[in-house]
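For clarity, every value in this text was computed on a predicted model and none was experimentally measured.
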Amino acid sequence: MSAIGYVQRQPDGSFRGAIRTLSVNAEVAIVPNRGKSGEQPDYRVVSNGVELGGGWIRTGEVSQREYIRLAMSAPELGPRTLYANLGRAAGQDDDDAYAIIWNPGD
């Protein structure tokens, strides 16, 4: 799986960083959805004031660790919804460093 971005966890519970691919280089914020109800996402994904999608807290079947499943959609990201997982960045000493790992789905 490929990392398409890296973010830092902030004291307010949000994550800030960037998505960087061959065609996209954008600052991104993953912010808690404090007004969540029902099936709404636990997080909102925004870039430059534009909402790209959401994130849902999930628990890994094997690891039993929480991660955030992201779904993002914008013309710059292509014609299909981009799915990714937000989890601890591998090989990092910084507990607040997270990677956005592309999850092609099918």
Spacing of [atom1] belonging to [X] relative to [atom2] belonging to [Y], to within rounding of 0.5 Å:
X	Y	atom1	atom2	value
Y6	I100	OH	CD1	10.0 Å
L82	E76	CG	CD	12.0 Å
R16	I30	CZ	CD1	10.0 Å
N85	W102	CG	CH2	12.5 Å
I19	L70	CD1	CG	8.0 Å
E27	R20	CD	CZ	5.5 Å

Shortest non-hydrogen separation from [X] to [Y] and the atoms involved:
X	Y	result
P32	G13	CG-O, 3.7 Å
T59	E66	OG1-CG, 4.1 Å
L52	S47	CD1-CB, 3.9 Å

Give every donor-acceptor pair under 3.5 Å between a side-chain atom in residues 38-45 and any protein atom, sequence neighbours left out.
| from | atom 1 | to | atom 2 | distance (Å) |
| --- | --- | --- | --- | --- |
| Q40 | OE1 | S37 | N | 3.1 |
| D42 | OD1 | K36 | NZ | 3.0 |
| D42 | OD2 | I57 | N | 2.8 |
| R44 | NH1 | E51 | OE2 | 3.3 |

Answer yes if Y67 and V31 sit in the same cluster of Ile, Leu, Val, Met, Phe, Trp and Tyr residues linked by side chain heavy atoms under 4.5 Å apart, and no otherwise.
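In one cluster: no.
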Mind checking whether F15 and V46 sit in one hydrophobic cluster, side chains of I, L, V, M, F, W, Y counted as touching below 4.5 Å?
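As far as the 4.5 Å side-chain criterion goes, V46 and F15 are not connected within one cluster.
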